[in-house]
Amino acid sequence: MAFLSNFPKAALQIQLKSAGARCFNASTTTQSSKSKKTLAKPNVRNVVLVEGVRTPFLMSGTDYKDLMPHNLATKTLSGLIKRTGVDKDVIDYVVYGTVIQEVKTSNIAREAMLSAGFKDTTPAHTVTQACISSNQAITTAIGLIAAGQCEAVVAGGVEFMSDVPIRHSRKMRKIMLDSSKAKTTGKKLQLLWKAMSPAVWTPELPAVAEFSTSETMGHSADRLCTAFGITRLAQDEFAMRSHKFAADAIQAGLLTDVLPYKVPKVAEYITKDNGVRPSSLEQMSKLKPAFIKPFGTITAANASFLTDGASACLLMSEEKALSLGLKPKAYLRDFVYVSQDPKDQLLLGPAYATPKVLDKAGLSLADIDVFEYHEAFAGQILANLTALESDEFAKKFLGKSAK
Amino acid sequence: MAGRFVGVFRQISTVNRSLARVSGDHGLKNFFSTTARMDFGKYLTYTVKDGIAVAKFDEKDAKVNLLVKFDEKDAKVNTLNRGTMAEFQEVYKEITNNPNVKGMVVISGKADCFIAGADINMISDCKNVQEATALSRNGQDMFNNLENMKIPVVAAINGSCLGGGLETALACHYRIAVNSKKTSMGVPEVMLGLLPGAGGTQRLLKLLPFQTAMPMMLTGKAYNAKSGKKIGLVDHVVEPIGVGIKSANENTMEELEREAILTAKGLADGTIKKPVRSKKGLNKYIDMFASSRLGNIFWEKGVKDAVMKQTKGKYPAPLRIIEVAKTGAQQGPRAGYEAEAKAFGELAMTPESKALVGLFNGQTALKKNKFGKPEREVKTLGMLGAGLMGAGIAQVSIDKGIDVILKDVTTQGLSRGEDQIIKGLDTKVQRKKITSFEKDQVLTHLEPTINYEHFSKCDIIVEAVFEDLKLKHKVVREVEQKIPEHCIFASNTSALPITSIAEASIRPDKFIGMHYFSPVDKMQLLEIITTDKTSQDTAASAVSVGLKQGKVVIVVKDGPGFYTTRILAPTLSEAVRALQEGVSPSKLDSLTRGFGWPVGVATLADEVGIDVAAHVAEDLGKAFGERFGGGNINVLRDMVTAGFLGRKSGKGVYLYQSKSKKRPENTEAKAILDRYKLDPKPGNTDEDVQYRLASRFINEAVMCLQEGILANPMEGDIGAVFGLGFPPFLGGPFRYIDLHGAKQLVDRMKKYHDWYGVAFEPCQLLLDHAKDPSKKFHTR
């Protein structure tokens, strides 16, 4: 599970959306002349990205483990304000995306912005759509601005896998709820008697599996790799490449969006993602499959880690940004959401979304300098690229004559 | 007819359809290569990949025989026939002689079918015990060879793996199965009156605990990949792969093959060990005892008593299975295999087996719509009445993706009906047949309503309102105003003539009868009734709906009581006469059950409803006159007046208490019977009572064929067994006459005729068969 971090770095401002966890970056560079001068739409306001920040992303159960999720979100909100120098009162709205909710802060956007000292008259809401939740927050913000509802919106994402809501069983919950109504000793004893069964005491873990198919994402991803013939070696190579790029970027100081985080009682500031682990193919090949045993291809080395982290970005209407003297980092032009069969194509979003958003913008693959996909598994990216490369797939599933 | 039947025949009804098929001509023996893939022959391909031999069952363009050629789908399965077996022997020889082969994989080229079983016709074609025994020995030898191979042999299973298919897999050293709904592993031979004759009885008991293996053989219970892994039948489960550039099936089969090859290699070089499954705990001790002479109690009390209780000893196959398994367990494999082959040979020649095979073939043949494809597919069904029947019909329809508008007069009735449907689906969820998510999706096909608002969308209407001609006429007139031109109107009635109901219709060509049996989600039969005016396309549509609902569909001509009700009526009438003669209801039940009926006839009357029985007796009595007489109709009338309507009213022939399973006889009903007491005929034995009931049933069935109500004897057999519970081991009324002779029946009827008169007059067709024993209703 990972979060929003894909602020467009490409020359062209397109946000690609897919329903999948994002972690690995697939970047392809093409060199050719652009076919279109502008992507601005008539009668639609220009929406711009002013700035984006995030906490370091840590493997869950490490240094962040004693925090609460909104602590991380609060840090990004105040960090964003400090970095841009924008007055908090300028912010009209805050939207956050999250997947596994901390029940105490179910509208985490609101709790985080109050903690961050935003004015209490600024509304906030939280969205969820599996791995794409943070992007849903951004596009929600785009919608609010484009519709003229707001001028400046903060959108972000937060996930905290170090602590997840583990519940009492439904039976126990029922006993607990009934106990407040049980007035007589007899009724209370009855409830006590019911609580004697071990089944009552078995806790419920939050579902990591899809509700509709009862399948976990890793399992589905492994089957997807098989379906597209993605080998273990190819996955390991691709994962190695991603880790190397990340490590190089950290080394070169390119990740300017990362804010240092102070965890109470931890001596050093947290300044870096701790899940970037460049390794050798040989070492990677030693790992056993994590989901489909013993012949599966996805391992801990070619998948993303369970993560704690948060992010925030500031979106504005172009006029507002310019009037405040801010220099937009990007113009946000278009987006597309897709959904497919939750069983066999759960993680195949990019293969559908890429041609669709390009068609919508009237662009071709050649117009794009850099694609950036954020997904949880190396094999998943490779499966999607294989699908995009295939005329067969384009014909069968995209209704196109060729790729 | 609201008959509720449980028991043995239900097992029959679940015999896997794909079990049977067809021998092609037995050509074989091509040239073999050990290096490259090449077509090995008609039934198998053989390749060596990476030192692992892959034998792939993939029957090509199999010639189909008369019985099952109707359905092309049936040709898409692999069977063990002489051709397959011969080619497999060749592959075996080839592999054993090739030192480069380090392991072997047995797999199918078809995604939905590993091997569906032995070719039933190959068994039916055996002329005598010796031939059938030899067949079994052949299979045993082949699989023993396979099992004794020095290299590891891995079975890679996807789809049906039944009977001889599972025996093939059992002879392999390691079993991999795909976790798909199509994967089904079991030995259903018992349902055909046979036993797993190629080592199945011996290997299953060796592999699995006594407590799992015996029920598997005795009931034909099949397992999927996951539950198979749990019990120890499967060593490794492969998850199905979805669509990629290639189709889901291709991907899944490729992955299965890849994992099987990796497993075979791993087993060969020792990097993979076969999971050792020691039988643990109680199972260990049960198995230990069962295989010693001290353990007879498990065989006698544990399984045999249960079988006897359920079958009354009418089915030889389960008893022989116990005997053969016990021989193997106590006296070792040599004696076990010998006993298996012998018992297989003998069972194959029993009339019980022939009867059961006949039913199976009939059931398979009826999967085909003889009226062809309807002009338009039925997408929306309007169900009138949300009672037991209506809700049941709605359930089996939405289950298969047909949209159903369920209409009742009151919201209370509607809510009760919807609850029944939800409960039925919940049971399926509990049994893991569907997931709760799938249940929700199924339920979206249901639209409960108390008005006709969306009836303009309906392609077919099925009415299940109260059995009253005036009411039905009113409903027909009302509904025909609301439905589109092409919509079919089907009446679910058990006795009212369709022609009379159709009189109210403005488009009689679209009018048809669909007689379901209760409980609809359990009873397999659907009796479709056509009138002289019913069009071919209407019939085609109704049959296709029935098939979609998973029913075994027979199509009969309209007439009083159609087929099933008509043959049941004289039987019930005779039962009332027996009661009047002082046979107690429980005695009558035990006599009829002793004859092989799954439900005693007195119990049946209560289940059907005494009021319904009275209604039917009266109507059919009027139509057929004295011939349908027997018991005094006033017995039923008085019972109805007294409120003894059967199970539904808590009182009938028996008394029903809501929480107790005990059903004492209803003494008040006894008092009514005493008022109409008859003296039994001198010399009337228990057997006479049994045959008085059966002969009237059978004679009426034959008469239905004679009069053209029935199109053929096969549908008559299927209707009697699947709708009314006629003893399956007798194969239906027509099969019974073929196997046991018409003359003995006619002779008995003559005796009863002397006692009771015209009710026992054999019909002409039955007399013809009695006169000429070479005349048969069935050709095979």
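In this text, all values refer to a predicted model and were calculated from it rather than measured experimentally. Chain letters run A, B, ... following the sequence lines, proteins first, then strands; residues in each count from 1.
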Under 3.5 Å donor-acceptor pairs involving side-chain atoms of residues 282-292 of chain A, not counting sequence neighbours:
from	atom 1	to	atom 2	distance (Å)
A:Q283	OE1	A:S279	OG	3.4
A:S285	OG	A:L281	O	3.4
A:S285	OG	A:E282	O	2.7

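Annotation: A:K343, atom NZ; neighbour count of heavy atoms from other residues, nucleotides and ligands within 6.0 Å is above 12. Atom NZ of A:K194 has 12 or fewer heavy atoms from other residues, nucleotides or ligands within 6.0 Å. More than 12 heavy atoms of other residues, nucleotides or ligands shown are found within 6.0 angstrom of NZ on B:K400. Within a 6.0 Å sphere centred on NZ of B:K274, heavy atoms belonging to other residues, nucleotides or ligands number more than 12.
Heavy-atom neighbours of chain A within the stretch residues 236-246 of chain B, taken at a separation under 4.5 angstrom, comprise B:H236, B:E239, B:P240, B:I241, B:G242, B:V243, B:G244, B:I245, B:K246.
Applying the salt bridge (Lys or Arg N to Asp or Glu O under 4.0 Å) test to B:R175 and every residue at least two apart in sequence or in another chain returns nothing. Taking the ring pair (Phe, Tyr, Trp, His ring centres under 6.0 Å) definition, one finds that B:F437 meets it with nothing, sequence neighbours left out.
Between atom CG of residue A:L224 and atom CG of residue B:N251 there is a gap of 10.0 Å, rounded to the nearest 0.5 Å. Atom OG of B:S247 is separated from atom NZ of A:K396 by 6.5 Å, given to the nearest 0.5 angstrom.
Proximity to chain A involves both the backbone and the side chain of B:T263, based on heavy atoms less than 4.5 angstrom apart. If you measure heavy-atom distances from A:E215 to chain B, you find no contacts under 4.5 Å at all.
Scanning both residues, B:R258 and A:F295, for their nearest heavy atoms gives NH2-O, 2.9 Å.
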